[in-house]
Amino acid sequence: MTDLKMSLFKHTDKELVLGSGHHGIFVIKGEIKLSDKTVCHGEGHYLDGAQSPVLYIEAGVEVLHVCVSNSSKQHELGPVLSEAVLDLDEGAKIFRLDQVSFPIGSCAYRHVHHGAGFRYLKEGTLEITSDHGSELIQTGEAWFEPAQSPVRATPQNGEPASFVRAMIIPQSFRGKPTIKYLNAEDEARPKLQTTKRFFDQDI
């Protein structure tokens, strides 16, 4: 087994030197300038901590940041929104960052994912139903889903919803969805939600 720590941060108005590990960023508000590109609102990007990249985050800009590492120095990156230690089987893995959007009237029927990770709700209200009960997730809140954990996700209040998702998945899922519906009748139903993938990065 391999242990990796996944930590979730939200930054604003700071200069941040990223240390060892793998870093995924998503711009919630505004834009940030990197050495080779500009990352705008609603976009995600991968940064290799071995290159000690620097984030310049101006006042009024909000950045969601996911760090995946064996290092215990992650707390130097600022207050942690949430974190988890992942117990992974041996073998090559991929760090994926994407966004899932739910239009009005959509539902992610009861399903599991072949990978564990965080979700951050950037828009709307989402009801998450698991084997342990139901929870209403509000805009700006984050939650963790273990691999192979059955859930159902339904937007609330007649409004759309979307979340940013960071997962560690097996290499066999490179470029492929990780979702598996648990009921045959749900598998056959139309799926209205859409996914925008920002990167699949070997780790």
Side-chain angles (χ1 to χ4, degrees), residues 2-32 34 37 39-57 61-88 92-101 113-123 126 128 137 139-147 149 151 153 162-171 173-174 177-179 195-203:
T2 300
D3 289 347
L4 285 179
K5 180 184 286 185
M6 176 179 276
S7 299
L8 183 67
F9 307 86
K10 187 161 69 172
H11 305 300
T12 186
D13 192 17
K14 69 192 313 181
E15 178 180 320
L16 188 66
V17 180
L18 302 181
S20 62
H22 302 273
H23 302 271
I25 58 170
F26 176 85
V27 179
I28 301 170
K29 181 180 179 182
E31 65 178 32
I32 60 171
L34 304 176
K37 68 176 298 182
V39 184
C40 299
H41 163 74
E43 295 181 350
H45 189 68
Y46 170 78
L47 293 167
D48 185 352
Q51 300 174 2
S52 298
V54 180
L55 293 184
Y56 299 98
I57 306 171
V61 176
E62 294 183 2
V63 175
L64 190 69
H65 169 207
V66 183
C67 178
V68 178
S69 177
N70 293 313
S71 173
S72 61
K73 298 180 180 180
Q74 292 181 10
H75 292 283
E76 297 176 3
L77 298 172
V80 180
L81 283 181
S82 191
E83 65 182 6
V85 176
L86 311 183
D87 295 325
L88 303 174
K93 299 293 186 294
I94 286 173
F95 176 20
R96 170 175 291 177
L97 185 72
D98 59 10
Q99 177 178 309
V100 181
S101 299
H113 282 280
H114 297 279
F118 284 111
R119 282 81 167 148
Y120 173 90
L121 192 65
K122 63 181 290 288
E123 178 188 14
L126 203 60
I128 301 296
I137 308 295
T139 300
E141 294 182 343
W143 71 103
F144 179 80
E145 290 184 12
S149 178
V151 296
S162 65
F163 61 78
V164 181
R165 177 174 60 192
M167 291 193 296
I168 304 300
I169 61 176
Q171 264 204 340
F173 286 93
R174 175 185 295 280
T178 58
I179 192 168
T195 300
K196 180 180 180 181
R197 191 169 302 135
F198 300 112
F199 61 77
D200 274 355
Q201 175 66 41
D202 292 334
I203 61 171

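Starting from 1, each residue takes its place in the sequence as its number.
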Visitor: Just so I know, are the side chains of F95 and I168 near enough to count as touching, which here means a heavy-atom distance under 4.5 Å?
Guide: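 Contact flag for F95/I168 side chains = yes.
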Visitor: Once rounded to the nearest 0.5 Å, what's the spacing between atom CZ of F26 and atom CG of D98?
Guide: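 Here the interatomic distance stands at 10.5 Å.
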Visitor: Can you name the salt bridge (charged side-chain N to carboxylate O under 4.0 Å, His left out) partners of E31, sequence neighbours left out?
Guide: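 Only K33 meet the salt bridge (charged side-chain N to carboxylate O under 4.0 Å, His left out) criterion with E31.
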Visitor: Considering residues at least two apart in sequence or located in another chain, which fulfil the side-chain hydrogen bond (donor to acceptor under 3.5 Å, both in side chains) criterion with Y46?
Guide: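 H22.
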Visitor: For F144 and A116, work out which heavy atoms get closest and say how close.
Guide: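 In terms of heavy atoms, the two residues are closest at CZ-CB, 3.9 Å.
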Visitor: Roughly how far, to the nearest 0.5 Å, is NZ of K37 from NE2 of H45?
Guide: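 Going from NE2 on H45 over to NZ on K37, the span is 5.0 Å.
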Visitor: Restricting to side-chain hydrogen bond (donor to acceptor under 3.5 Å, both in side chains), what partner residues turn up for K10, sequence neighbours left out?
Guide: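 With neighbours one apart ignored, the set is Y120.
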Visitor: Hey, can you tell me if W143 and F163 have their rings parallel, tilted or perpendicular (30° and 60° cut-offs)?
Guide: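 Ring orientation of W143 relative to F163: perpendicular.
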Visitor: Within this structure, what is the CE-NZ distance for the pair M167 and K93, rounded to the nearest 0.5 Å?
Guide: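 One gets 13.5 Å once the value is rounded to the nearest 0.5 Å.
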Visitor: Considering all heavy atoms of both residues, which atom of S52 and which atom of V17 are nearest to each other, and what is their separation?
Guide: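 So the two residues come closest at O-CG1, 4.4 Å.
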Visitor: Within the side chain of R96, is there an N or O that forms a donor-acceptor pair under 3.5 Å with the backbone of F173?
Guide: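 At least one qualifying donor-acceptor pair exists.
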Visitor: Might you point out which heavy atoms bring H65 and L77 nearest each other, and give the distance in Å?
Guide: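 Residues H65 and L77, closest heavy atoms: CE1-CD1, 3.6 Å.
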Visitor: What are the two closest heavy atoms between S82 and F118, and how far apart are they?
Guide: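 That would be OG-CE2, 3.2 Å.
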Visitor: Do D87 and D3 make a side-chain contact, defined as non-hydrogen atoms from C-beta onward lying under 4.5 Å apart?
Guide: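 Side-chain contact under 4.5 Å: yes.
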Visitor: Check salt bridge (charged side-chain N to carboxylate O under 4.0 Å, His left out) between R197 and all other residues, then give those that pass, not counting sequence neighbours.
Guide: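 Expected list: none.
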Visitor: Answer yes or no: is there a side-chain heavy-atom contact under 4.5 Å between L4 and N70?
Guide: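 Touching, per the 4.5 Å side-chain cut-off.
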Visitor: Work out which heavy atom in C67 is nearest to a heavy atom in F9; give both atom names and the distance.
Guide: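 In terms of heavy atoms, the two residues are closest at CB-CE1, 4.1 Å.
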Visitor: To the nearest 0.5 Å, what is the distance between NE2 (H23) and OG (S7)?
Guide: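 H23 atom NE2 to S7 atom OG measures 10.0 Å (nearest 0.5 Å).
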Visitor: Nearest 0.5 angstrom please: L81 CG to L64 CG, how far?
Guide: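 One finds 7.0 Å between CG of L81 and CG of L64.
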Visitor: I need the S162 OG to L121 CG distance, nearest 0.5 Å.
Guide: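 S162 OG to L121 CG: 6.5 Å, rounded to 0.5 Å.
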Visitor: Around K29, counting heavy atoms of other residues, nucleotides and ligands shown, do more than 12 lie under 6.0 Å from its NZ?
Guide: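 No - once you tally the heavy atoms of other residues, nucleotides and ligands closer than 6.0 Å, there are 12 at most.
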Visitor: Evaluate the criterion side-chain contact (heavy atoms from CB on, under 4.5 Å) for residue pair R165 and T195; output intermediate values, then yes/no.
Guide: CA-CA 10 Å; R165 177 174 60 192; T195 300; 4.1 Å; yes
Visitor: Mind checking what makes salt bridge (charged side-chain N to carboxylate O under 4.0 Å, His left out) contact with E145, not counting sequence neighbours?
Guide: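 With sequence neighbours excluded, E145 shows a salt bridge (charged side-chain N to carboxylate O under 4.0 Å, His left out) to R119, given in chain and number order.
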Visitor: If the condition is side chain to side chain contact (heavy atoms under 4.5 Å, CB included), which residues does Q171 pass it with, not counting sequence neighbours?
Guide: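 Once residues adjacent in sequence are excluded, the partners of Q171 under the side chain to side chain contact (heavy atoms under 4.5 Å, CB included) criterion are A92, I94, R174, D202.
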Visitor: Counting distance only, does the side-chain N/O of T12 pair as donor-acceptor with the main-chain N or O of V61 below 3.5 Å?
Guide: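 Flag set: sc T12 to bb V61 pair under 3.5 Å.
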Visitor: Just so I know, are the side chains of S101 and K196 near enough to count as touching, which here means a heavy-atom distance under 4.5 Å?
Guide: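 No - every pair of side-chain heavy atoms lies 4.5 Å or more apart.
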Visitor: Does the side chain of I32 come within less than 4.5 Å of I25's, by heavy atoms?
Guide: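 Side-chain contact under 4.5 Å: yes.
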Visitor: Cut-off 3.5 Å, side chains only: do H113 and T178 have a donor facing an acceptor?
Guide: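 Present: a donor and an acceptor within the cut-off.
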Visitor: I would like to know whether L55 and L47 meet side-chain contact (heavy atoms from CB on, under 4.5 Å); could you show each step before the answer?
Guide: CA-CA 10 Å; L55 293 184; L47 293 167; 3.7 Å; yes
